[in-house]
Protein chains: 2
Amino acid sequence: MSNTPFSALHLEPVSTVDRVAEELRRSLFEGELAPGTALREMALAEALGVSRSTVREALGILVAEGIAVRVPNKGTQVRRLDAEQVRDVCRARTVIETAGVRGWDEAGEQARDDVRRALAAYSELRGSDCTTAEFTAAHLEIHRAFAGLTGSARLVAAVEGLHSEVRLALAEVDRARGNAAEQVHSHSHLLDLMEDGRLDEAAEELTAHLAEAEESMIEEVGRRSR
Amino acid sequence: MSNTPFSALHLEPVSTVDRVAEELRRSLFEGELAPGTALREMALAEALGVSRSTVREALGILVAEGIAVRVPNKGTQVRRLDAEQVRDVCRARTVIETAGVRGWDEAGEQARDDVRRALAAYSELRGSDCTTAEFTAAHLEIHRAFAGLTGSARLVAAVEGLHSEVRLALAEVDRARGNAAEQVHSHSHLLDLMEDGRLDEAAEELTAHLAEAEESMIEEVGRRSR
DNA sequence: AACTGTCGGATTGTCGGACAATCCCAGTGT
DNA sequence: ACACTGGGATTGTCCGACAATCCGACAGTT
């Protein structure tokens with residue numbers, strides 16, 4: 001392992017395509033672009049001041065992430081989630097995240113600390129003014145940390161993809177914020193259980209938590225489709 | 001649910017990009033392109049008789065699937081797996097596939113039958129002449145069916161992505177074929193356990209099976225890097 | 001000899017334009 | 001009410017171009 005004094009340095013490359021993709025994500029999660037909206041390549045290119053090729057590549061990324069769908073010769077549009085798909089997402093989340101929770105003991109100290117940090121950041125965020133999207137992001141960061149307990153970068157990546165879809169379904173929903181205090185308490189309780197080594201109880205609690213989230217998401221997509 | 005007499009019909013659209021991506025996959029899994037090989041856009045475009053744009057988009061797909069990596073301004077190359085990454089892949093597989101096995105009872109009859117069918121196809125394939133890649137594909141199909149038991153299409157997709165990396169690591173390995181009889185027996189035993197409702201034992205067995213696979217994969221990538 | 005600066009070739013990232021294939025829709029005819 | 005037809009819009013793919021960046025070689029400095 002190379003142990004130069006610059007090991008911690010890292011420069012992330014940001015291409016135009018990346019910026020376009022990021023801007024689209026932001027717009028989607030913020031709810032500016034409703035599910036089902038057609039993402040025309042030309043229109044986006046002109047709006048963003050880039051070429052069609054660039055937009056096209058960025059759209060490819062969104063499709064790969066699952067937050068947009070591309071129908072051949074028809075175009076790309078913001079993914080539309082029905083109840084069945086929401087169930088699918090939540091089932092997948094439950095599998096991965098509970099695996100993480102159950103692996104608390106074997107997880108590295110680093111991973112465990114990620115959970116604590118994410119929870120702390122989330123509870124501090126409450127009250128301060130921030131976008132709904134930002135609030136959701138902080139919440140999902142906790143669940144990302146749960147996945148991190150598995151010690152598998154690929155499972156973390158998978159969960160991140162699932163979270164993208166969650167954010168899509170929750171875009172512009174304020175109700176998540178309404179019971180913020182309750183949410184913080186719930187997660188904090190979850191962490192306590194893990195710290196106490198009561199992992200099965202924690203997994204059960206997490207499953208219930210996700211089921212609850214699933215319910216409100218289904219309710220939300222139902223409201224939207226009406 | 002629309003129940004027309006044509007419900008089973010489905011025409012998959014195959015674009016040039018798709019064909020290029022598929023051809024690259026085939027070549028990778030067949031071991032013609034070793035890990036670390038640089039995938040130059042121009043060279044590929046000329047070799048395949050398509051434009052650079054098309055190749056570029058296809059490469060983007062491979063990158064999204066995780067079987068190639070793109071370094072900005074440097075290019076795309078076949079993913080190189082070290083021991084740590086193989087461990088990561090196998091950990092992820094274990095989490096998802098054991099979840100499927102444990103969910104045998106709740107899984108639909110359809111999903112359970114997929115497992116039986118995949119196993120049957122695998123055992124029939126043994127002995128007949130076929131590519132190593134085809135053999136591996138049939139084997140992984142069983143594991144895909146395990147993931148299918150979770151009832152989540154997204155987990156299945158995740159496992160398929162993982163399997164792509166597995167095939168990358170196993171490219172051109174004949175040893176998987178050597179103990180084919182043993183492999184078939186192992187999976188068949190696994191299915192018996194599930195049919196008997198001894199799910200915990202099955203999950204344990206699967207975990208051991210995957211650990212074994214992990215070991216031989218690590219051995220393989222070690223041999224290659226030497 | 002080790003380090004630094006410079007140059008040229010190769011490759012990528014992004015752009016603009018082009019054109020056929022395909023799709024959607026409205027209008028027409030029966 | 002249904003089938004046909006034509007036009008406009010959009011995508012899929014191609015081509016050519018150029019700046020930015022990277023890599024290796026080579027030369028210069030201490």
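Convention: sequence-line order gives letters A, B, ...; per-chain numbering from 1.
The distance between atom CG of A:Asn73 and atom C1' of D:dT10, rounded to the nearest whole Å, is 9 Å. Atom CZ of B:Arg70 is separated from atom C1' of C:dT11 by 12 Å (rounded to the nearest Å). Remark: P of D:dT13 and CG of B:Leu48 are 14 Å apart, rounded to the nearest angstrom. One interatomic measurement links the two molecules: CG of B:Asp18 to C1' of D:dT13, which rounds to 13 Å at whole-angstrom precision.
A 6.0 Å sphere centred on CD of A:Glu160 holds more than 12 heavy atoms belonging to other residues, nucleotides or ligands.
Looking at heavy-atom distances under 4.0 Å, B:Ser53 makes contact with a base. Using a 4.0 Å heavy-atom cutoff across all strands shown, B:Arg40 reaches sugar-phosphate atoms only and no base atom. Residue-level contact check: B:Glu57 touches neither bases nor backbone, having no heavy atom under 4.0 Å from any strand.
Note on B:Lys74: every side-chain N or O is 4.0 Å or more away from OP1 and OP2 of D:dT21. Distances shorter than 4.0 Å separate none of the side-chain N or O atoms of A:Arg56 from OP1 or OP2 on D:dT11.
Using cut-offs of 30° and 60° on the angle between ring planes, the pair B:His209 and B:His143 is parallel. Taking the six-membered ring for Trp and thresholds of 30 and 60 degrees, A:His187 and A:His139 have ring planes more than 60 degrees apart, a perpendicular arrangement.
Side-chain N/O atoms of B:Arg52 and base N/O atoms of D:dG16 include no donor-acceptor pair closer than 3.5 Å.
We find that A:Asp88 and A:Arg91 are not joined by a salt bridge, their nearest charged nitrogen and carboxylate oxygen being 4.0 Å or further apart.
For B:Thr16, whose side chain is taken as the heavy atoms from C-beta onward, the closest listed nucleotide among C:dG13, D:dT13, C:dC15 is D:dT13.
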